[in-house]
Amino acid sequence: MRRYLRVVGLCLACGFCSLLYAFSQLAVSLEEGAAGGRRPQAAVVSWLADGGRGTGRGAGSAGPGRTGRYDMKTRPNEKMHLAVVACGERLEETVTMLKSALIFSIKPLHVHIFAEDQLHHSFKDRLASWSFLRRFDYSLYPITFPGDSAADWKKLFKPCASQRLFLPLILKEVDSLLYVDTDILFLRPVDDIWSLLKKFNSTQIAAMAPEHEEPRIGWYNRFARHPYYGRTGVNSGVMLMNMTRMRRKYFKNDMTTARLQWGDILLPLLKKYKLNITWGDQDLLNIMFFHNPESLFVFPCQWNYRPDHCIYGSNCREAEEEGVFILHGNRGVYHDDKQPAFRAVYEALRNCSLEDDSVRSLLKPLELELQKTVHTYCGKTYKIFIKQLTKSIRNRYDTPPKER
């Protein structure tokens, strides 16, 4: 009899605890709703309903997103998601970026390519030759913007650039995503920057690098006519996102006392600051994280190394110590003679095939080309361009297959 009573008591205790947990979760939900929750704007809802997500036209499609809480433990077979937006004459640059990502990456990689319709056939032709890569697949999407504001978004800064702002709303099934500009080159595995997701604390939803290391040559702190993050702002050319958290978050802002979700805040921000922003979508991101600094994880400059880090003398200490991890050739430096060190790295990877021997033979000719650039400020520190690249090639291609 006593044993029976103990079992009954234990069951009642468990039931009571479950009831308390249910009420606590309900309270949290009500609190979030009161913090500014409202239904997404009709324009965004209509845009998504009309196919804003786009149709995956590549080899494979986006895998189903995880709908539970973000799991900070990376699963061994987890697929990484990379996104890029290509318009105009950016096909070759984008393909070179993708090649650099695939040369060193270890885990499977799914690439989401947003491109103008006239580029889709060319992308399919170029990527068809990579079909032997079992750890790579991709989806092609059209460029789409919501509702009546589409014309404003299209001409913001550069054609199609603001498409990145809508990735959390379009790729609703994707939990986390690495967005990069077309002029990005990976000099170490994508897996390494992807692993930074595990370093996010409970409030952080995205990661970017500072726009400048040296305030004396900073743009935002000298010229911006709007709020920006930190001392010198952040650069959105490499942006790591936990999109599940982005979609759930209610953002503080300077337009209303109510907090707004991602789909609700973009258009009001554009309307308020349209005449005050220079760098388009990047400026809007700076404004958002100025009001929500706890939501941003800032990674070092070596993860987004640009001409600004060496054009007036080296000012990225982390790159000097460990080498460049991700090269960002903004301002068109891959295609002119203003920064020959950047162009040399781009040309080496553009001409490199995905065959092992081609990758192994990359370094010597590249170093010879870089030595020709020592008359420039960036060329004076040319070894930082190959320091990490050398390690990446050795680790990936000089290690016996069974040890990789």
Side-chain angles (χ1 to χ4, degrees), residues 156-157 161-162 164-165 178-181 183-184 193 196-197 199-242 245-246 249 251-255 259 262 265-266 269-270 272-331 333 339 342 377-378 381 384:
L156 186 64
F157 185 44
S162 56
R164 83 182 93 182
L165 294 175
L178 174 62
Y179 167 85
V180 296
D181 287 347
D183 50 10
I184 289 295
I193 189 169
L196 296 182
L197 286 165
K199 295 189 176 182
F200 283 19
N201 65 27
S202 60
T203 66
Q204 290 166 337
I205 64 172
M208 288 181 277
E211 173 69 12
H212 287 281
E213 297 298 306
E214 174 51 68
R216 288 176 296 178
I217 61 172
W219 193 91
Y220 282 109
N221 56 295
R222 293 189 297 159
F223 306 116
R225 296 180 293 160
H226 58 78
Y228 57 88
Y229 179 89
R231 289 194 310 156
T232 60
V234 286
N235 183 280
S236 60
V238 179
M239 185 175 179
L240 183 64
M241 297 177 275
N242 181 327
R245 290 183 179 181
M246 294 175 75
K249 183 174 175 61
F251 293 85
K252 299 187 292 288
N253 61 87
D254 59 359
M255 299 170 293
R259 298 189 181 194
W262 191 267
I265 199 171
L266 295 175
L269 266 183
L270 176 62
K272 177 171 182 175
Y273 289 103
K274 184 177 180 180
L275 300 178
N276 297 93
I277 57 178
T278 303
W279 308 113
D281 53 311
Q282 177 174 292
D283 291 345
L284 296 182
L285 289 169
N286 266 279
I287 295 168
M288 291 176 72
F289 287 110
F290 168 83
H291 292 291
N292 302 269
E294 74 286 350
S295 298
L296 188 65
F297 178 95
V298 179
F299 47 66
C301 49
Q302 64 197 140
W303 292 104
N304 186 350
Y305 190 88
R306 286 162 280 119
D308 289 321
H309 292 121
C310 57
I311 194 172
Y312 302 114
S314 180
N315 60 66
C316 179
R317 179 176 52 82
E318 291 85 355
E320 293 172 10
E321 294 174 355
E322 301 179 279
V324 176
F325 293 171
I326 294 178
L327 194 67
H328 187 176
N330 62 341
R331 302 179 181 174
V333 295
Q339 297 299 330
F342 281 77
Y377 275 117
C378 293
T381 56
I384 69 173

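All residue numbers refer to positions in the sequence shown, counting from 1. Just so you know, these numbers use all the heavy atoms, side chains as well, and skip hydrogens, waters and symmetry mates.
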Looking at every heavy atom in both N253 and H291, which two are closest together, and how far apart are they? CA-CG, 4.2 Å
If we ignore hydrogens and angles and just use 3.5 Å, is the side chain of [X] paired with the main-chain N or O of [Y] as donor and acceptor?
X: N315; Y: D308; answer: yes
X: N242; Y: I205; answer: no
X: N221; Y: P215; answer: yes
X: K199; Y: F297; answer: no
X: R225; Y: L275; answer: yes
X: R164; Y: S236; answer: yes
X: N292; Y: S295; answer: no

Is a side-chain donor-acceptor pair under 3.5 Å present for N304 with H328? yes
Tell me, with the steps shown, if C316 and C310 meet disulfide bond (SG atoms under 2.5 Å apart). CA-CA 8 Å; C316 179; C310 57; over 6 Å; no
Are N286 and W279 close enough that some pair of their side-chain heavy atoms sits under 4.5 Å apart? no
Close side-chain approach of L266 and L284, heavy atoms under 4.5 Å: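 Side-chain contact under 4.5 Å: no.
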Among pairs that include at least one residue of residues 202-218, which meet side chain to side chain donor-acceptor pair (under 3.5 Å), considering only residues two or more places apart or in two chains? N201-T203, E211-N235, E211-Q282, E214-R216
Angle class for the W303/F325 ring planes (parallel below 30°, perpendicular above 60°, tilted otherwise)? perpendicular
Taking the six-membered ring for Trp, are Y228 and Y220 closer than 6.0 Å centroid to centroid?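 They qualify: ring centres under 6.0 Å apart.
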Tell me every residue that passes salt bridge (charged side-chain N to carboxylate O under 4.0 Å, His left out) with R317, counting only those two or more places apart in sequence or in another chain. E321
